[in-house]
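For reference, the structure discussed in these notes is given below.
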Protein chains: 2
Amino acid sequence: MSPEETGRLSAADRREQILTAASVVFGERGYAGGTTDAIAQQAGVSQAYVVRMFGGKEKLFRASAERAADKVIEAFRGAIAEFNANDDVHEKTLKLAIAYTHLVADRGILLTLLHLFSLGHDESFGPLARSCFLSTYTIVREEAGLTPEEASAFFARGMLTTTLLAMRMPDAADDPTAAELMQCTFGETSTDLITLSQGQSPLDDSGR
Amino acid sequence: MSPEETGRLSAADRREQILTAASVVFGERGYAGGTTDAIAQQAGVSQAYVVRMFGGKEKLFRASAERAADKVIEAFRGAIAEFNANDDVHEKTLKLAIAYTHLVADRGILLTLLHLFSLGHDESFGPLARSCFLSTYTIVREEAGLTPEEASAFFARGMLTTTLLAMRMPDAADDPTAAELMQCTFGETSTDLITLSQGQSPLDDSGR
DNA sequence: GTAAGTAGTAATCAGTTGATTACATCAAGA
DNA sequence: TCTTGATGTAATCAACTGATTACTACTTAC
């Protein structure tokens with residue numbers, strides 16, 4: 001039988017697949033709530049394999065969070081590459097915000113990071129959380145060339161966006177108050193944001 | 001023996017004490033990570049009592065989150081009561097932000113809410129998360145009289161503040177990048193914010 | 001063709017955790 | 001005083017979960 005038929009993958013491919021699954025599960029349930037078994041099911045492998053490949057749940061979460069941060073960085077660098085020489089702050093910020101918005105298509109990325117940030121007290125994850133956040137901040141400051149005030153305002157909006165998404169505010173879009181808040185927050189990037197964030201299948205969960 | 005000597009309390013007092021403990025524990029570890037036993041230890045009662053008094057961990061978290069939201073609402077109303085007739089947006093926002101900042105003294109409140117917000121996908125907690133957030137938004141809009149844009153900007157800054165606090169960015173204040181970010185974000189409210197958030201004893205944890 | 005390494009799993013285990021039960025202790029009213 | 005209801009706990013349980021072990025099956029190099 002060929003590898004295609006047996007469903008066997010190289011370790012690198014399987015690793016990527018498990019990281020994708022981990023992003024979904026950790027994004028929805030956080031570190032403590034996300035089980036290695038749920039990740040295994042999502043990836044279509046056994047729970048034992050997930051644990052062994054990454055050497056434990058903690059290392060898997062680290063890898064998952066670092067990968068999420070890398071994707072944010074990658075997205076920002078992509079937006080910066082599209083800067084024109086005469087772009088003002090508003091245009092730069094908009095391009096960054098749109099890049100950020102596109103990350104929402106993979107809900108797991110931003111939600112995994114949000115969960116990482118909420119673990120600041122943790123001896124192991126705290127330093128990782130701070131360094132991940134500061135990495136992205138540094139790029140916006142130095143590579144995008146925003147001032148501290150502009151960067152702070154940009155991240156403020158980004159965190160509100162992430163939070164609204166985490167609490168699935170788009171699900172409450174029929175509430176006029178919620179609609180007003182989202183309209184104002186997403187602003188110029190809102191056109192596709194709400195549609196992007198809808199219809200993403202939740203995890204289904206049953207015994208092992 | 002008198003009630004003072006035996007350490008016995010009325011159910012209402014004990015309830016308040018447990019809710020305070022729950023705020024600390026859930027704030028640090030989230031819903032899934034916060035154990036009823038850790039809450040019981042923090043409150044100085046048995047684990048069985050915690051569970052029985054609230055009818056389960058889920059109801060305890062709901063009560064804890066609702067209490068946190070109530071304290072935010074209370075703080076906002078307190079700030080609004082200090083508004084002067086000729087206050088402009090900037091003065092109003094500053095008063096609200098300072099009230100918000102004082103909430104930080106009890107780290108558990110904002111962090112418990114942040115954890116609640118990250119549970120938007122949950123059937124039970126999702127609606128609660130959205131309604132808690134929208135309650136505070138409505139107060140800022142209608143009672144404080146901010147426009148949607150102003151309110152959105154206010155909450156954006158609030159979420160960034162909360163996130164920085166959750167990841168304990170003040171612990172990294174020796175990093176110049178981190179210091180710059182905090183300086184800009186906390187702005188006029190920063191004077192006491194960093195000192196407020198420091199030296200808060202972490203949970204100590206050992207077997208039951 | 002076979003030996004060796006790699007992908008992958010089933011079965012199982014020990015620690016943790018939310019919940020339950022039965023019981024103890026204490027204050028107040030009849 | 002003694003009975004009743006409320007405060008509170010120790011002991012225990014069943015379910016869950018991360019990790020380990022022993023094993024199978026496939027692929028590749030020689």
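Predicted model only: the values in this text are computed from it and were never measured. So that the names make sense, note that chain A is the first sequence line, chain B the second, and so on, each numbered from 1.
Aromatic ring centres of Phe76(A) and Phe154(A): separated by under 6.0 Å. Under the 6.0 Å cut-off for aromatic ring centres, Phe133(A) and Phe155(A) qualify, their centroids lying closer than that.
Residue contacts for Gly55(B): at a heavy-atom cut-off of 4.0 Å it reaches no nucleic acid atom on any strand shown. Residue-level contact check: Gly34(A) touches the backbone only, with heavy atoms under 4.0 Å from sugar-phosphate atoms and none from bases.
Because its NZ or CZ atom is both nearer than 6.0 Å to the ring centre of Tyr31(B) and within 45° of the ring axis, Lys57(B) counts as a cation-pi partner of that residue.
Protein atom CZ of Phe26(B) is 13 Å distant from nucleotide atom P of dT17(C), rounded to whole Å. With rounding to whole Å, Leu60(B) atom CG is found 9 Å from dA19(C) atom P. To the nearest angstrom, P of dG18(D) lies 10 Å from CZ of Arg29(A). Rounding to whole angstrom units, CD of residue Gln41(A) and P of dC16(D) are separated by 13 Å. As a whole-Å value, the separation of Lys57(B) NZ from dC16(D) P is 14 Å. Atoms CD (Glu58(B)) and P (dT17(C)) sit 19 Å apart, rounded to a whole Å. Asp37(B) places its CG atom 17 Å from the P atom of dT12(D), with the value rounded to the nearest Å. The interatomic distance linking Lys59(B) (NZ) with dG18(C) (P) rounds to 16 Å, in whole Å.
Thr20(B) and Arg67(B) form a side-chain donor-acceptor contact under 3.5 Å, judged by distance and modelled atom types alone.
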Given side chain to side chain contact (heavy atoms under 4.5 Å, CB included), test Glu150(A) with Lys92(A) step by step and report yes or no.
CA-CA 10 Å; Glu150(A) 291 159 0; Lys92(A) 284 180 175 180; over 6 Å; no
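Here the side chain of Val51(B) is nearest to one of dA19(D), dA19(C), dT17(C), namely dA19(C).
Evaluated for a side chain to side chain contact (heavy atoms under 4.5 Å, CB included) with Ile18(B), the options Asp13(B), Thr36(B), Val50(B) yield exactly one hit, Val50(B).
At distances below 3.5 Å, at least one donor-acceptor pair connects side-chain atoms of Ser118(A) with backbone N or O atoms of His115(A).
Contact annotation: Thr36(B) reaches the phosphate of dG18(C) (side-chain N/O to OP1 or OP2, under 4.0 Å).
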Write down the protein N/O and nucleotide N/O pairs, taken from nucleotides 5-9 of chain C, whose separation is under 3.5 Å; answer none if there are no such pairs.
| residue | atom | partner | partner atom | Å |
| --- | --- | --- | --- | --- |
| dT6(C) | O2 | Arg8(A) | NH2 | 2.9 |
| dA7(C) | OP1 | Ala11(A) | N | 3.1 |
| dA7(C) | O4' | Arg8(A) | NE | 3.3 |
| dA7(C) | O4' | Arg8(A) | NH2 | 2.9 |
| dA7(C) | O3' | Leu9(A) | O | 3.3 |
| dA7(C) | N9 | Arg8(A) | NH2 | 3.4 |
| dA7(C) | N3 | Arg8(A) | NH2 | 3.1 |
| dG8(C) | OP1 | Leu9(A) | N | 2.9 |
| dG8(C) | OP1 | Arg14(A) | NE | 3.2 |
| dG8(C) | OP1 | Arg14(A) | NH2 | 2.7 |
| dG8(C) | OP2 | Arg14(A) | NE | 3.2 |
| dG8(C) | OP2 | Tyr49(A) | OH | 3.1 |
| dG8(C) | N7 | Arg52(A) | NH2 | 2.8 |
| dG8(C) | O6 | Arg52(A) | NH1 | 3.4 |
| dT9(C) | OP2 | Ser46(A) | N | 2.8 |
| dT9(C) | OP2 | Ser46(A) | OG | 3.0 |

